Amino acid sequence: MFSQCKALLFGVLMAGAVSTAPAFAADGDRIEVTQGEVQELDFGTSTTVISGVSYGVAPDARIEIAGTYGAFTMLTVGMDVEFSFRRFDDGRRIIIELEQLPGNVQPELF
């Protein structure tokens, strides 16, 4: 009986060791945060240009406008925003979170 418990415990410990091993970053796992001004919006393709750079917008992106829940289709050209996006190895940039900056805050261009 003891040897069965010992074998089971060894198996559990080994499984835990394997599952906690560090994973290598997958394509798209680089998340960056920046600010800028919305210059173009294309609701049909879910894309936007912010401070001269083109971004896709994830279908499940968290959007906040004027401090409350919003949607991509509620954005307007000229809004100052802060956003998080995933950068992919193939050059794509996909926004996953976007928040309108308060009217008295100018975006910091990084």
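Everything numeric here is computed off the predicted structure, so don't read it as measured data. Along the sequence shown, residues carry numbers from 1.
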Counting only pairs under 3.5 Å, give me each side-chain donor-acceptor contact of residues 52-66, with atom names and distances, residues two or more places apart or in other chains.
unit_1	atom_1	unit_2	atom_2	d
R62	NH1	E64	OE1	3.3

task: Would you check, one step at a time, whether the test side-chain contact (heavy atoms from CB on, under 4.5 Å) holds for R30 with D89?
output: CA-CA 9 Å; R30 294 175 306 223; D89 289 338; 2.9 Å; yes

- line: The reported gap from CD in E82 to CG in L98 (rounded to nearest 0.5 angstrom) is 9.0 Å

message: Is the shortest side-chain heavy-atom distance between F72 and L41 below 4.5 Å?
response: yes

- prompt: Is there a side-chain contact between T34 and F85 (heavy atoms, below 4.5 Å)?
  reply: yes

query: salt bridge (charged side-chain N to carboxylate O under 4.0 Å, His left out) with E40: which residues, sequence neighbours excluded?
result: none

task: Grab the two heavy atoms, one from V81 and one from Q100, that are nearest each other, plus how far apart they are.
output: CG1-CA, 4.1 Å

query: Are F83 and I96 close enough that some pair of their side-chain heavy atoms sits under 4.5 Å apart?
result: no

Listed partners of T73 passing side-chain contact (heavy atoms from CB on, under 4.5 Å), at least two apart: F43, A71

- prompt: Is there side-chain contact between T48 and L75, with at least one heavy-atom pair below 4.5 Å?
  reply: no

- prompt: CD/E32 to CZ/R86 distance, rounded to the nearest 0.5 angstrom?
  reply: 12.0 Å

field: Nearest heavy atoms of G36 and S51, plus distance in Å
entry: CA-OG, 3.2 Å

- request: Determine the minimum heavy-atom distance between M79 and M74, stating which atoms define it.
  value: CE-O, 3.9 Å

task: Give the C-alpha distance, both sets of side-chain angles, the deciding distance and a yes or no for side-chain contact (heavy atoms from CB on, under 4.5 Å) between I50 and E37.
output: CA-CA 5 Å; I50 301 175; E37 179 184 338; 5.7 Å; no

message: Taking side-chain contact (heavy atoms from CB on, under 4.5 Å) as the definition, give me every residue that meets it alongside T45, ordered by chain and number, with sequence neighbours left out.
response: D42, T47

